[in-house]
K.L.:
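Mind having a look at this structure? Questions to follow.
All chains are named by letter (A, B, ...) in the order of the sequence lines, taking the proteins before the strands, and each is independently numbered beginning at 1. Note that this is a predicted model, so its numbers are computed, not measured.
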Amino acid sequence: MTDYSVKELMACWLARDLVDGEFAAVGANFPIPRAAVLLAHFTHGPNMTVGMGAFKVCLDNVDQVMTLKYFTDFRPMRWAESASYFPLDLFGFHKMDVFYVSGIQIDAYGNTNLIGIAGEGGQYKFRGPGSIGTTTLAAVARRYYIVAEHHTPRLFVEKCSKISALGFGDGTPGLRKKLCLPGGGPKYCITPLCVFDFHPETSRMRVHSLHPGVSPEQVVADTGFEVEIPAKVMETKPPTDVELSVLRNRVDPEGALRT
Amino acid sequence: MTDYSVKELMACWLARDLVDGEFAAVGANFPIPRAAVLLAHFTHGPNMTVGMGAFKVCLDNVDQVMTLKYFTDFRPMRWAESASYFPLDLFGFHKMDVFYVSGIQIDAYGNTNLIGIAGEGGQYKFRGPGSIGTTTLAAVARRYYIVAEHHTPRLFVEKCSKISALGFGDGTPGLRKKLCLPGGGPKYCITPLCVFDFHPETSRMRVHSLHPGVSPEQVVADTGFEVEIPAKVMETKPPTDVELSVLRNRVDPEGALRT
Amino acid sequence: MERKSVIVDEAAALDKIQDGMTIALGGFITAQHAMGIIRGLAGRRIKGLTVIGSLSASLEVDLLVGCGCVRRLISAYVGAEAAAPIGPFFKKAAESGQIDIWECDEIIIAAMLHATAAGVPFFPVRGGLGTALPELNKDLKEFRDPIHNEPLLAVPAMPIHVAITHANCADRYGNVQYTGNAFADGLIHRAADTTITTVERIVSPEEIRRDPFKTAYNAQTIVRMPYGSHPYSCHGLYVEDHDHLTQYATAAYMSTKGDHSAWDEYLKRFIDTPEDHLAYLEQVGVRTLFSLNEF
Amino acid sequence: MERKSVIVDEAAALDKIQDGMTIALGGFITAQHAMGIIRGLAGRRIKGLTVIGSLSASLEVDLLVGCGCVRRLISAYVGAEAAAPIGPFFKKAAESGQIDIWECDEIIIAAMLHATAAGVPFFPVRGGLGTALPELNKDLKEFRDPIHNEPLLAVPAMPIHVAITHANCADRYGNVQYTGNAFADGLIHRAADTTITTVERIVSPEEIRRDPFKTAYNAQTIVRMPYGSHPYSCHGLYVEDHDHLTQYATAAYMSTKGDHSAWDEYLKRFIDTPEDHLAYLEQVGVRTLFSLNEF
């Protein structure tokens, strides 16, 4: 089996959870989900609608995709079937199948924070960049994934200082339904150490699988909230040779995920 | 002075009340306002935004404009600076300066009816074609004109059976303001006999001017509501030679208004 | 794995529309109606439809009313301007109470579609206050806005099973492009669960990608139907068939007055006998079709 | 009577923007900002602006914050992705409470613009319920929809004095066309009282009329500014000047940490010394400008 980086592992794992025909968008500066969507499109999703920057593209005849530094990059225009600029219309979000979220804090109930961390007297001790589109998309997209490029106790906290995208709130059963949010909420959270899912009753994160070579103790040590680890925990299935080959040759020729 | 038809008189009178720079739309199958807008554009409104079918056109270099049978006619495309399809966006209506309304009934307070006339047991004895865009435009356009191609007691009634476009309701002072409608309501109503304006206190129609040769008695006889005729009533100013020349040569070469 | 084509034939498209569904028809007044599908529904005498004739409709809706397909009608206008100030069957059905009418104007119907497309339960509008609309249409609720306490009308969202549109071209993957105005077609596409689009021409995906900004939406079902909007216009290709519309309007009007002969003849010739869209076009005739050149 | 041109020079356009106004900036993140005007406002040290950086903004907003122009900020994001995860002056001003932030995401800001453009007092959205947004932004009101009693968030309309956008071309009558995406520029145009658009090229009215479907809106004021979006991109012409953005981000970051030398140098060279947009481009240099070719 070929050697692989943990980012490649994360991308391959996320790709497998995408279904042909789904509608998924690829952001810029969020390389793991980008790779996951493109990999799924190339391996088993020819009928996926792929949002790339401000376009919907189909890449069936495309050998290699360039990496974009900026979301608004015009170059995917060459593969575009239509132009797409969602926030403008208020439209179609609830028809989005899948979406990816990150944050400066991620809490035990899958809430995320891009706003900031409160300090003294109502001010911020750390201000984040802003919610982008996550507040609404987390509310309405059919499902979403939380993707963390690091796994530290400062990132994974018991409670977000400010919630910008609602996961399962404080864990109140049926909270999302009570708020009439059409989206199902976060399905998984993937980190460099493990995959979390959400306990169906408590809505708290628990370990779904550990990446190869990662111990339960390491996850406990690096997570800022008390985390449930089932007795029999799976190992995250590593990338196959085929996946790695498509990933490296067509999706990520520049090797952004290899380090 | 050249001879003219009453429709030509109506178009010329309406044209004079349009100001350069205003935004006015030209419907199909509503030939008098159409002629008024185009005439104003040619004579004193080079900076008007003229909505013609689904386009915004500028006709400064256009010798003659064809008459359209159907609103959706694609041919004004040849003069278009932009495509325009208002209802789609819910936008910009409150920025529309001027609009023209007709009806199967027009009442003493400038309300109009395109819906129908109630019969027995909640049914219609006469069903109209529907409100088109008049309900909202009458609420929000800065001002509007009611244009009647006929003047009969059946058309001009004390109270509309069903109001599709609100003028001044039942005359309650400040009604439009109370309903927070941004538009000023109907400014004038023009008919083949006269121009009506609205009494500033009662909001009822009263004769503003009589067309040349029309007697006050004729207006009273042909109006279904009690109409105020001021002691010193003006005569509607007839078309000038210049107006008629532009109207006949550039706006209405086919003579739709001449009969 | 291969990418799937979404092109189907006429019968397969018609099979997607069943009794009792809510359908939204594209185009605007006398432009761009998917007449191949609409005539098919009339021919099959589909029953109990809720029909959204967006935003203002023409005699395509009148035809569905005349053939008994319509239970509930949502449109700001039903007529053909110079050719017919009002749809005759629509008028009669409205007067007899045979159909329910969701009373609205174009902006209220647009607000309903916007709410549906955006996935919110309602949209607020100003037009309609002080008119007969809230009395005639119980779905419209007067309320006070929660911020400034201003009076408004709440227009509810409405689930729509199928949008049915006509456009100039599409590729086999359902990317639809128009030469002229798409009117509210993109909006009803987004509001509906699925979209059937008839097109004048199928073009290559490469042709579509030449100007992706021209793509109006991606339809789930494409049917090729040249002159598919006849007797209505298709921007960039052909104008309304004024004589045909007049023939329809006259026959329908006479039928509502008790003289059914012309209408029965129309129905037989243009709706019931032709086994498909091309058979209909044969009835219309090449000479007539090619007389409708736009400019 | 003759039709008037709406083309003005840079100074005349800048004179339209005064202390305390609410302005909405076009483009999206690192694309298509009217930098000629924005740099002009920074250079004039205009005060007390409410700035809408729609829908997500970049360092053009950070520059205005850094020059003390901003009282209140409305944007879903302030950063430059790979070149700067967050605007440094924005971060510092937010942490020190120097500016008010109208907390939102892209869809909430879009709802605010839609409400303003449509002339209704508010628009309803679902996103934001259960988050910190209603607590942080007192303008957002939780309410129950009047039809189904579902919980929603009301996003109020907000009067906007001037929209400031950058596009590829316009004619002398203000008809604006884009080669690429216009993002929310059409929306802020409709929401604002008046629009100033800087364009790469003035084209003939005939050129505009060649494809009226490409006209995004009609601006009240046009200023010719080639490379007017630099250091941001303009679709179809040039990409972001990544090095310039990095230079800005580094200088600004150091300044927020107390070392002002690089920022003072940046400010002097690019904001305060150049007497107009072309003088700024001379500072950037022809070699750099022409290195930004898109493909």
K.L.:
With a 4.5 angstrom heavy-atom cut-off, which part of Asn61(A) approaches chain C: side chain, backbone, both or neither?
P.N.:
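For Asn61(A), no heavy atom lies under 4.5 Å from chain C.
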
K.L.:
Check Lys4(C) against Asp20(A) and note the closest heavy-atom contact, atom names and distance.
P.N.:
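Taking every non-hydrogen atom into account, NZ-OD2, 4.3 Å.
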
K.L.:
In terms of side-chain geometry, is the basic nitrogen of Arg3(C) or Glu81(A) positioned less than 4.0 Å from the acidic oxygen of its partner?
P.N.:
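Yes, charged N to carboxylate O under 4.0 Å.
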
K.L.:
Is Lys7(A) atom NZ crowded by more than 12 heavy atoms from other residues, nucleotides or ligands, each under 6.0 Å away?
P.N.:
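Buried by this count: over 12 neighbours within 6.0 Å.
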
K.L.:
Is it the case that atom CZ in Arg16(A) sees more than 12 heavy atoms from other parts of the structure closer than 6.0 Å?
P.N.:
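Yes, CZ of Arg16(A) has more than 12 neighbouring heavy atoms, counting only those of other groups under 6.0 Å.
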
K.L.:
Quick one: closest heavy-atom pair of Arg209(C) and Ala80(A), and the distance?
P.N.:
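Heavy-atom minimum between the residues: CG-O, 3.3 Å.
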
K.L.:
For Ala216(C), is it the side chain, the backbone, both or neither that has a heavy atom under 4.5 Å from a heavy atom of chain A?
P.N.:
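It is neither, since no heavy atom gets under 4.5 Å.
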
K.L.:
Counting only heavy atoms not in Arg78(A), do more than 12 fall under 6.0 Å of its CZ?
P.N.:
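Count over threshold, so yes.
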
K.L.:
Look up atom CG in Asn218(C) and atom SG in Cys58(A), then write down how far apart they are to the nearest 0.5 Å.
P.N.:
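With rounding to 0.5 Å, CG (Asn218(C)) is 10.5 Å from SG (Cys58(A)).
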
K.L.:
So which part of Cys180(A) gets closer than 4.5 Å to some heavy atom of chain C, the side chain, the backbone, both or neither?
P.N.:
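No part of it gets close to chain C.
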
K.L.:
OH/Tyr173(C) to OG1/Thr49(A) distance, rounded to the nearest 0.5 angstrom?
P.N.:
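Those atoms lie 13.0 Å apart.
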
K.L.:
If I measure from the heavy atoms of chain C, does Met48(A) come under 4.5 Å with its side chain, its backbone, both, or neither?
P.N.:
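Neither part.
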
K.L.:
Measure the acute angle between the ring planes of Phe55(A) and Phe213(C), then classify it against the limits of 30° and 60° as parallel, tilted or perpendicular.
P.N.:
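Taking Phe213(C) first and then Phe55(A), their aromatic rings stand perpendicular (interplane angle over 60°).
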
